[in-house]
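Comments concern the structure below.
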Protein chains: 2
Amino acid sequence: MLSNIIFYSLDRAIRSYRRMAQANIDRAGVNITIDQWLVLRVLLEHDDLTQNEIAESVFKDQASVARILALLTQRGLLSAVPLPHDGRRTQLRVTEEGHRILDAVQPIVNDNRKTALAGISEDELAQLRGLLERITQNCHSPV
Amino acid sequence: MLSNIIFYSLDRAIRSYRRMAQANIDRAGVNITIDQWLVLRVLLEHDDLTQNEIAESVFKDQASVARILALLTQRGLLSAVPLPHDGRRTQLRVTEEGHRILDAVQPIVNDNRKTALAGISEDELAQLRGLLERITQNCHSPV
DNA sequence: AGAAAGACTATGATATGTCATTGAAGTTGC
DNA sequence: GCAACTTCAATGACATATCATAGTCTTTCT
């Protein structure tokens, strides 16, 4: 049975969460994806990261980040100001509209987390986190 | 910090695993994706499922399954024989080549699992599974 | 300075995820 | 036996994941 396979359970958990999270954002009438939200949120605190740094911090590919940034900019949630000291890069600033969306989404995200983790204690959460970290570590070690 | 967010840890764990798993399959010279492998494996045991049934069993969308089936058929790993009693459907049989690939991939998948779960006890695994199931359940309940 | 090496962004190609819809085929109710 | 409903597969549209590479800009080395 697939349900015995831990990675199937993992996949199911994260996908269930993503579906619920996105559905709740959509229902609130906010037009953003959770991945875009995640990137935008990182940029709120660090506006001078390279795409690779952003990618590392949200555990995505540089190519994915590039496309997400393009969409965020195109939708006016982000502004890209050329950096004087490096012609390849830009400073990525969250716009007014971007702030509005971040503000609108934050409570939804909090609710989502509460819903998803209902009935799970702090101890269990810590254990879960620890196990996930170990799996991540194991998968990174070069064979 | 993002590392405090459980869903970020979840996402990271599953993506790390997927990257490692796919890299190991590629390194072995087998030309298949893990998602295609998963679907093919299900069809090995049940060749008369509808796309929706397959989708449910591998926790994917019907649209995703349709495309994966098209690719598997196109690559000759799967044959689609029309079902006499229902003109909309076909019987999906794993071909010789499909069997060869399944046989080649199985030991790699076993190794991957072993690598990913190194140092994690049966008890911990059971707990992990339980927590993931609870999260999945929580996310499914209608708000 | 000039060349080689490295960093950075953008983009092509392919696969998948998700929602929505279409069109075909089966089922039910009358 | 026909109309309404349901099931099923295919596909369009868009977003993301991944790998690879191109093109630009910077740094380093000599």
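Quick note: numbers below take in every heavy atom, side chains included, and nothing from hydrogens, waters or symmetry partners. Chain letters run A, B, ... following the sequence lines, proteins first and then strands; every chain starts at 1.
What separates CZ of B/Arg18 from P of D/dT16 is a distance of 17 Å, to the nearest Å. Taking atom CG on B/Leu49 and atom P on D/dT7, their separation rounds to 17 Å, with Å as the unit. Here the P atom of nucleotide D/dC14 and the CG atom of A/Asp35 are 18 Å apart, to the nearest Å. The interatomic distance linking B/Glu56 (CD) with D/dT7 (P) rounds to 13 Å, in whole Å. In this structure, B/Gln74 places its CD atom 18 Å from P of D/dA9, rounding to the nearest Å.
Comparing A/Lys60 and B/Asn52, the nucleotide of DNA chain D nearest to each residue sits closer to the 5' end for B/Asn52.
In this model, the phosphate group of D/dA15 is not approached by any side-chain N or O of A/Gln36 to a distance below 4.0 Å at OP1 or OP2. Applying the 4.0 Å criterion to OP1 and OP2 of D/dT16, one finds that A/Arg15 has every side-chain N and O outside that range.
A/Arg41 forms no cation-pi arrangement with B/Tyr8, by the criterion of a distance under 6.0 Å to the ring centre and an angle within 45° of the ring axis.
Near DNA chain D, defined here as any heavy-atom distance below 4.0 Å, the residues from residues 78-86 of chain A are A/Asp86, listed numerically. Contacts between residues 90-110 of chain B and DNA chain C, defined by a heavy-atom separation under 4.0 Å, are absent.
Take A/Phe7 and apply the ring-ring contact (aromatic ring centres under 6.0 Å, His included) test, not counting sequence neighbours, and it matches B/Tyr17. Among residues two or more places apart in sequence or in another chain, the side chain to side chain contact (heavy atoms under 4.5 Å, CB included) test is passed with A/Asp123 by A/Ser121. Not counting sequence neighbours, B/Asp103 has no partner by the side chain to side chain contact (heavy atoms under 4.5 Å, CB included) test. For the side chain to side chain contact (heavy atoms under 4.5 Å, CB included) test, residues two or more places apart in sequence or in another chain that qualify with A/Asp47 are A/Gln91, A/Arg93. Partners of B/Asp61 by side-chain hydrogen bond (donor to acceptor under 3.5 Å, both in side chains), not counting sequence neighbours: none found.
A/Glu56 and A/Asn52 share no side-chain donor-acceptor pair at under 3.5 Å.
Panel note: side chain B/Arg15, backbone A/Phe59; a donor-acceptor pair is recorded below 3.5 Å.
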Can you name the atoms? Protein N/O to nucleotides 19-23 of chain D N/O, anything below 3.5 Å, with the distance.
none

So which protein N/O to nucleotides 1-4 of chain D N/O distances come out below 3.5 Å?
none

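Closest non-hydrogen pair, B/Arg134 versus A/Ile120, comes out as NH1-CG1, 3.9 Å. Shown here for B/Ala13 and A/Thr136, the closest heavy-atom pair between the two residues is CA-OG1, 3.3 Å. Across all their heavy atoms, A/Thr50 and A/Glu53 have their closest contact at N-OE1, 2.8 Å. Nearest heavy atoms, A/Thr115 versus B/Asn138: O-CB, 3.2 Å.
The shortest side-chain heavy-atom distance between A/Ile54 and A/His46 does not fall under the 4.5 Å cut-off. Under the 4.5 Å side-chain criterion, counting only non-hydrogen atoms from C-beta, B/Asn24 is not in contact with B/Asp111. Using a 4.5 Å heavy-atom threshold, the side chains of A/Leu132 and A/Leu10 count as touching.
Here B/Leu69 lies out of heavy-atom contact (under 4.0 Å) with every strand.
A distance of 6.0 Å separates CD1 of A/Ile25 from CD1 of A/Ile108, quoted to the nearest 0.5 Å. Here CD1 of B/Ile6 is found 11.0 Å from CD of A/Glu124. Values are rounded to the nearest 0.5 Å. How far CG of A/Asp48 is from CG of A/Asp86: 12.0 Å, rounded to the nearest 0.5 Å.
Taking the 5' to 3' direction, DNA chain C first and last meets chain B under 4.0 angstrom from a heavy atom at C/dA15 to C/dG26.
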When the side chains of residues 62-83 of chain B are checked against the rest of the protein, which donor-acceptor pairs come out under 3.5 Å, sequence neighbours left out?
unit_1: B/Gln62; atom_1: NE2; unit_2: B/Gln51; atom_2: OE1; d: 2.9
unit_1: B/Thr73; atom_1: OG1; unit_2: B/Leu69; atom_2: O; d: 2.8
unit_1: B/Arg75; atom_1: NH1; unit_2: B/Gln36; atom_2: OE1; d: 3.3

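Between its opening and closing five pairs, the helix from C/dA1-D/dT30 to C/dC30-D/dG1 changes axis direction by 10°, a value rounded to 10 degrees.
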